[in-house]
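What follows is a single structure, written as structure tokens, with notes after it.
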Protein chains: 2
Amino acid sequence: MSRAEPSRRGSRHGRAGIRDVAAAAGVSITTVSDALNGKGRLPDATRRHVREVADRLGYRPSAAARTLRTGKSGLIGLTVTTYGDEPFTFTEFAYFAEMARAATSAALARGYALVILPATSRHDVWSNVALDGTVVIDPSDHDPVVSDLVRQGIPVVSDGRPAGTLPVTAWVDNDHEAAVLGILDHLAAAGARRIGLLTGTSTDTYTRLSTHAYLHWCERVGQDPVYEKYPAHDPCAGAVAADRLLARPDRPDAVYGLFDPNGTDLLAAARRYGLRVPDDLLLVCCSESTVYATTEPPITTLSLKPRRIGTAVVQLLIDAIEGLDSGRPVEQVIPTELIVRTSSQRRPPRTTVSPPRGPAV
Amino acid sequence: MSRAEPSRRGSRHGRAGIRDVAAAAGVSITTVSDALNGKGRLPDATRRHVREVADRLGYRPSAAARTLRTGKSGLIGLTVTTYGDEPFTFTEFAYFAEMARAATSAALARGYALVILPATSRHDVWSNVALDGTVVIDPSDHDPVVSDLVRQGIPVVSDGRPAGTLPVTAWVDNDHEAAVLGILDHLAAAGARRIGLLTGTSTDTYTRLSTHAYLHWCERVGQDPVYEKYPAHDPCAGAVAADRLLARPDRPDAVYGLFDPNGTDLLAAARRYGLRVPDDLLLVCCSESTVYATTEPPITTLSLKPRRIGTAVVQLLIDAIEGLDSGRPVEQVIPTELIVRTSSQRRPPRTTVSPPRGPAV
DNA sequence: ACTGTTGACAGAGACGTTTCTGCAAGTGGA
DNA sequence: TCCACTTGCAGAAACGTCTCTGTCAACAGT
């Protein structure tokens, strides 16, 4: 009999603990821990034996105990900004879904899991989960949650250039000014004389920078700005704003819409006013949705590359968590991609039915 | 001086612990714990004092320690099925996004947070996070992860009726058979003579039940089935399948598409074949996307009500976690909603411009 | 004055890991 | 033979919280 029984009952409440494995394998808990984690100096025979016993007992290490001991939970937060009364809303469904997917994959590949945590969550939820770090999407000026996390020494990486002096560990964003200027130039090259903008009322970085770039461009080329704002989180307001934009006396002959649904909204509005796209109206919108490839006509879209952003954000965050970073804040710019389709070209591209290179085989 | 200093160093590694608060407030850690958690028998003065000191020190209880002690982590998993090589894909962007959003909100409202965990994650990630329960979306026949969780006594609630004898705690689903039959009847009532189906090759419950209902309906009304299958996770295959369906010699005069992008794909294919919608072809597809309200023509869609499903799933799961459930498996059916638009009506609805009730005011 | 009760706290385990330190046995060289 | 070093493992101390079980004073009832 053992001189001091290590645990009062064999497996005291269902699940087997490390002590049970140690007892069953006839070794110490140190040996079990080392064998299972690939540490220590153990012969392969012992390692195999311990693993086998652990498997037989269905042993699962307690994540809580491990986290408590090591200080690492393997969890990273994904914080989304919130609007209105619903705990949170995706302004851009496809963008968020793609970004979250890429972020999850990237995190998983490095052994981390993602926790969805709206910024305005009840405070107790935030403090009830042990996070190794957090991704924040479009943090507002002086986000109290972010400040709090930073004060606790938890790495925070932002999707979207942080406003103000938010002290994030790193951030990833597109060059929104360049993207907007590129689109405006593209539309102008296609023959647009007066380019309108469909933009939002909120003050997030994306909306602010994009609108500013538009105004700047107008000033440079000497065009009067023609734009309509609407609350981007309200799905109905977009259709109304699109209508308003095309109902103006100084109706634009080209429009860029900053938000995902703007394309279909503008198309519907154009139909109501008898405007043909692209003949009477050139259209571009910022979207990750594939529906714009099959609308009538297909609509040119700007992709912000959410997959690349999601991946980059997580990589930077985990690097910071694991101390692989330089220690200095990192700023990473992801290029956008303009997917040119019929809606922004005066001369529709030749169909592939009759290739100009010669008779088909 | 104190007779036995309670902790070797004041705050030994940055963050303040409960001991530091106790020392600073001049009480025991028991009192601190009770004061902060609203337990025990303490006068309000003490309670306030402790809370104040805790705030001043920026005390945040360790989630890991609490979890270890109480056995509850406040975390629930959201498991999504995976396809192909990417760690995971959303077959239905909008559905998943809505469902996840509702689930997150519902969880948060009850003090829980959601962890995204693809079913095929590296095993170490699964065992590295302490879950109080899990939501699984469309579990496959004998999902090893689900079995494992159930064996550990962790509640599992499924979105989608589980196939086989998967022993889930509860499940929530639509009545897919009834939904399909309703749509087919709707199309037949609108004058359809031969209704086609665009379906998937995968064996998940949704695809299986829907297809089966279609075949059953065909048999009942004496119509030859006209359907095309394609791998639903491949975004390009849908367009090809839509084309194939309309290219058949026994071309249907109405089509129901089981997946979100089918509407635009079918619309594009119809245009290629010179078919007018709804005059030559009636169209319905299952989608949560709002784009179908503004396509030309607007397309009738079936909504599976992902918000209600996400909420219901989480409520059932948390009830089970907190022991508020009956203990018996619960099966909850959420009704679907058919949003009738132009694409499935031979006579387009009268516009609101000239109401039939008489002269406008 | 004795007993029982209640209020207001303090002490001391657990919870289940990881890991630092330590010990005994074996190995090789001088 | 002795010393230094390595190998293979065991002991025990954290990690930070919650909570069961006291303890001590005050007080009421008889």
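Since the structure is predicted, the reported quantities are computational estimates derived from the model, not experimental observations. Convention: sequence-line order gives letters A, B, ...; per-chain numbering from 1.
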Rounded to whole Å, how long is the line connecting atom CZ of A/Arg47 with atom C1' of D/dC9? 12 Å

Whole angstroms only, please: what is the CZ-P distance between A/Arg19 and C/dC15? 7 Å

Rounded to whole Å, CG of A/Leu36 lies from C1' of C/dG16 at a distance of 13 Å

Residue A/Pro43, side-chain atoms from C-beta onward, closest of C/dT17, D/dG8, D/dT17: D/dG8

Side chain to side chain contact (heavy atoms under 4.5 Å, CB included) partners for A/Thr67, two or more places apart: A/Ser73, A/Ala130, B/Ala64

Would one find a side-chain N or O of B/Ser28 under 4.0 angstrom from OP1 or OP2 of C/dA10? yes

Describe the nucleic acid contact of B/Thr46 in one word from base, sugar-phosphate, nothing, applying a heavy-atom distance below 4.0 Å. sugar-phosphate

Quick test: give all pairs of protein nitrogen or oxygen and nucleotides 19-25 of chain D nitrogen or oxygen below 3.5 Å, distance rounded to 0.1 Å.
from   : atom 1 : to      : atom 2 : distance (Å)
D/dT19 : OP2    : B/Lys39 : NZ     : 3.1
D/dT19 : O4'    : B/Arg69 : NH1    : 3.3
D/dT19 : O4     : B/Thr30 : OG1    : 3.2

By the salt bridge (Lys or Arg N to Asp or Glu O under 4.0 Å) test, which pairs, at least two apart or in different chains, include something from residues 24-37 of chain B? none

Contacts of type side chain to side chain contact (heavy atoms under 4.5 Å, CB included), residue B/Asn37, not counting sequence neighbours: B/Ser33, B/Lys39, B/Arg66

Sequence neighbours left out, what passes side chain to side chain contact (heavy atoms under 4.5 Å, CB included) with B/Glu331? Give chain and number order. B/Trp171

Between CD1 of A/Ile18 and C1' of D/dA14 the distance, given in whole Å, is 15 Å

Tell me what A/Arg60 touches on the nucleic acid: a base, only sugar-phosphate, or nothing, going by heavy atoms under 4.0 Å. sugar-phosphate

What is the distance, to the nearest angstrom, from the NE2 atom on A/His49 to the C1' atom on D/dG8? 15 Å

Length of the CG-P vector between A/Leu68 and C/dT17, whole Å: 12 Å

Protein-nucleotide distance (B/Arg66, atom CZ; D/dC15, atom P), rounded to Å: 19 Å

Which distance, rounded to the nearest 0.5 Å, do you find between the CD1 of B/Ile18 and the OG of B/Ser62? 10.5 Å

How would you list all residue pairs meeting side-chain hydrogen bond (donor to acceptor under 3.5 Å, both in side chains) that involve residues 45-61 of chain B, not counting sequence neighbours? A/Asp148-B/Arg60

